*Asks:* 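The structure under discussion is supplied below as structure tokens; questions concerning it will follow.
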Amino acid sequence: MIRVSVVGAKGRMGSHVVDAVNGAADTQLALALDAGDDLTAITPDNTDVVVEFTVPAVSLGNVLAIVAQGVDVVVGTTGWTEEKLAKVREAIAAGPRPDTQKVFIAPNFAISAVLADHFSTQAAKYFESVEVIELHHPDKVDAPSGTAIHTAAGIAAARKAAGLGPVPDNTQTDGGSRGQVVDGVHVHAVRLRGLNAHEEVLFGNAGEQLVIRADSFDRGSFMPGVLLAVRKLAGDAPAGLTVGLDKFLDL
Ligand SMILES: NC(=O)C1=CN([C@@H]2O[C@H](COP(=O)(O)OP(=O)(O)OC[C@H]3O[C@@H](n4cnc5c(N)ncnc54)[C@H](O)[C@@H]3O)[C@@H](O)[C@H]2O)C=CC1
Ligand SMILES: O=C(O)C1=N[C@H](C(=O)O)C[C@H](O)C1
């Protein structure tokens, strides 16, 4: 049995993870912690893998604390930047298990979103124009979504590798309607009651359009990906920091 502790256990995602861990035949819940709880309660004696779904403002601190405890961790919280990822790598090197510690961070655990992201990077070099629209429930605290930032960055890298120039855009005035520019790609965020997590990538050439869209209608859609990551960390995932569920899929 893989012993799993959940940090952020009272949240929308954390509570689903608790249910998923309790419901799977090969995992068992160790600790369910939330804001105000002491993360040093998590030790290798009681936990094989931690799952962390909290808020962007605290996630890095939580991950560093869990690494200091010498326990592997799966992270779904958003807000990761290159600077924060560098701090995680430093913490692994300075921690109690520098050669075996595993930290896994995924912008999105839903297979539909991971595939949309993957297909978008494949499509990127064939189109002159591209824009990303992400649509979420209005209780979400960050915009744009971590997934949309990841998708835009992947598209931008693919465009650059293919030698494409900037996306065409003759906007002369903009009060904010053109969205946030992530690595040269415009990203738009919609917040609407009734939605859960959705992303649309629009590609355009003269006379044609490709739309790649992923819809997570229910948070249950993230759980197979979370459990896959937990099993990989308890199994043959490489040591160190890994980012993206695509690394654990045969894509
Ligand atoms: N990677 C993925 O597939 C997905 C990622 N997310 C991300 O996961 C994060 C959480 O989302 P939700 O569950 O909807 O948020 P939420 O607000 O429902 O839950 C966050 C939980 O973290 C707790 N918390 C706050 N500070 C804490 C601390 N210092 N230590 C421990 N717990 C603390 C809160 O009390 C709350 O229970 C967000 O960043 C969201 O964007 C959400 C859905 C899927
Ligand atoms: O807050 C959410 O709900 C989600 N957050 C993640 C993100 O920002 O990409 C993943 C998914 O979109 C749901």
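When reading the values below, keep in mind they use all heavy atoms of this one structure, side chains included, and skip hydrogens, waters and symmetry mates. Keep in mind it's a predicted model, so treat the numbers as computed, not measured. Start at 1 and go down the list; that is how both ligands and their atoms are numbered.
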*Asks:* The test is side-chain hydrogen bond (donor to acceptor under 3.5 Å, both in side chains); show your working for Q122 and S120 and say whether it passes.
*Replies:* CA-CA 5 Å; Q122 290 186 318; S120 293; over 6 Å; no
*Asks:* Using a strict 4.0 Å cut-off to heavy atoms of G76, name the atoms of ligand 1 that fall inside it.
*Replies:* 1 (N), 2 (C), 4 (C), 5 (C), 6 (N), 7 (C), 8 (O)
*Asks:* At what distance is the nearest protein heavy atom to atom 33 (C) of ligand 1, and which residue and atom is it?
*Replies:* A35 N, 3.5 Å
*Asks:* Heavy atom under 4.0 Å from ligand 1: found in N62's side chain, backbone, both, or neither?
*Replies:* side chain
*Asks:* Only heavy atoms of G11, strictly under 4.0 Å: list the atoms of ligand 1 that pass.
*Replies:* 18 (O), 19 (O), 21 (C), 36 (C), 37 (O)
*Asks:* Would you check the N or O atoms of K140, main chain and side chain alike, for any that come under 3.5 Å of an N or O of ligand 1?
*Replies:* yes
*Asks:* Between A106 and ligand 1, find which residue part has any heavy-atom pair under 4.0 Å and reply side chain, backbone, both or neither.
*Replies:* backbone
*Asks:* Which ligand 1 atoms, with their elements, are less than 4.0 angstrom from a heavy-atom of V7?
*Replies:* 31 (C)
*Asks:* Ignoring hydrogens and geometry beyond distance, is a side-chain donor-acceptor pair present between T147 and E134 at under 3.5 Å?
*Replies:* no
*Asks:* Does any pair with a residue in residues 135-157 pass salt bridge (Lys or Arg N to Asp or Glu O under 4.0 Å), and if so which ones, sequence neighbours excluded?
*Replies:* D139-R193, K140-D142
*Asks:* Using a 4.0 Å cut-off to any heavy atom of N108, which atoms of ligand 1 qualify?
*Replies:* 1 (N), 2 (C), 3 (O)
*Asks:* Of the backbone atoms (N, CA, C, O) and the side-chain heavy atoms from C-beta on, which set of P107 has a member under 4.0 Å from an atom of ligand 1: side chain, backbone, both, or neither?
*Replies:* backbone
*Asks:* Does P44 offer a backbone N or O that forms a donor-acceptor pair with the side chain of T47 under 3.5 Å?
*Replies:* no
*Asks:* Can you sort out which atoms of ligand 1 are near M13, meaning under 4.0 Å from one of its heavy atoms?
*Replies:* 13 (O), 42 (C), 43 (C), 44 (C)
*Asks:* Please determine which of K87, Q101, R97 meets the side-chain contact (heavy atoms from CB on, under 4.5 Å) test together with I92.
*Replies:* Q101
*Asks:* Looking at V58, which atoms of ligand 1 are within less than 4.0 Å of one of its heavy atoms?
*Replies:* 26 (N), 27 (C), 28 (C), 29 (N)
*Asks:* Heavy-atom distances under 4.0 Å decide this one: backbone, side chain, both or neither, for F109 against ligand 1?
*Replies:* both
*Asks:* List, for ligand 2, each N/O atom that has a protein N/O partner under 3.5 Å away, with both atom names and the distance.
*Replies:*
| unit_1 | atom_1 | unit_2 | atom_2 | d |
| --- | --- | --- | --- | --- |
| ligand 2 | 1 (O) | K140 | NZ | 2.9 |
| ligand 2 | 3 (O) | H137 | NE2 | 2.9 |
| ligand 2 | 5 (N) | K140 | NZ | 3.1 |
| ligand 2 | 8 (O) | K140 | NZ | 2.6 |
| ligand 2 | 8 (O) | G146 | N | 2.9 |
| ligand 2 | 9 (O) | G146 | N | 3.3 |
| ligand 2 | 9 (O) | T147 | N | 2.8 |
| ligand 2 | 9 (O) | T147 | OG1 | 2.5 |
| ligand 2 | 12 (O) | H136 | NE2 | 2.6 |

*Asks:* May I ask you to identify the nearest protein heavy atom to atom 10 (C) of ligand 1, giving residue, atom name and distance to one decimal place in Å?
*Replies:* T54 O, 2.9 Å
*Asks:* For atom 8 (O) of ligand 1, what's the nearest protein heavy atom and its distance?
*Replies:* F53 CD2, 3.3 Å
